[in-house]
Amino acid sequence: MESPKIAAKYPAAVNLEQGTYLWCACGKSNNQPFCDGSHQGSGIFPTVVKTDVKKEVYLCQCKQTKNKPYCDGTHRTV
Ligand code: FES
């Protein structure tokens with residue numbers, strides 16, 4: 001399995017509508033912070049994010065968070 005690529009050293013603030021999303025865990029997506037299928041062959045798979053309510057979230061883009069898919073501040077140390 002490859003190591004995740006750092007997509008950015010700051011979180012993505014996004015307004016999620018009710019629904020299901022795929023958070024990019026590999027860092028290769030060109031549609032950050034969401035999966036675009038670029039993880040194929042890496043051994044890394046996206047994380048499913050489901051929400052029943054509309055809400056603003058901060059999604060990790062350094063891909064090193066211990067609280068996937070949410071930012072936990074780890075980007076400050078990578
Ligand atoms: Fe990164 Fe799918 S493109 S997990």
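Not measured: the values here are computed from a predicted model. All ligand and atom numbering here is 1-based and tracks the order in the structure.
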K.L.:
Can you check whether Tyr58 and Tyr70 have ring centres sitting under 6.0 Å from each other?
P.N.:
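No, the ring of Tyr58 stays outside the 6.0 Å limit from the ring of Tyr70, centre to centre.
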K.L.:
First locate atom CG of Leu16, then atom CD of Glu56, and finally report the distance between them rounded to the nearest 0.5 Å.
P.N.:
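Atom-to-atom, Leu16:CG and Glu56:CD are 9.5 Å apart.
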K.L.:
Ignoring water, what protein N, O or S atoms are under 2.8 Å from atom 1 (Fe) of ligand 1?
P.N.:
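Metal shell, protein only: Cys24 SG, Cys26 SG.
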K.L.:
Quick one: pull up SG in Cys24 and CG in Leu59 and give me the separation to the nearest 0.5 Å.
P.N.:
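Output value for this atom pair is 11.0 Å.
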K.L.:
How many angstroms lie between NZ in Lys63 and OG1 in Thr74, if you round to the nearest 0.5 Å?
P.N.:
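One finds 13.0 Å between NZ of Lys63 and OG1 of Thr74.
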K.L.:
Could you go through the side chain to side chain contact (heavy atoms under 4.5 Å, CB included) check for Val49 and Leu22 one step at a time?
P.N.:
CA-CA 6 Å; Val49 183; Leu22 293 176; over 6 Å; no
K.L.:
Between Lys28 and Glu2 (salt bridge meaning N to carboxylate O under 4.0 Å), is one present in this structure?
P.N.:
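The answer is yes: the pair qualifies as a salt bridge.
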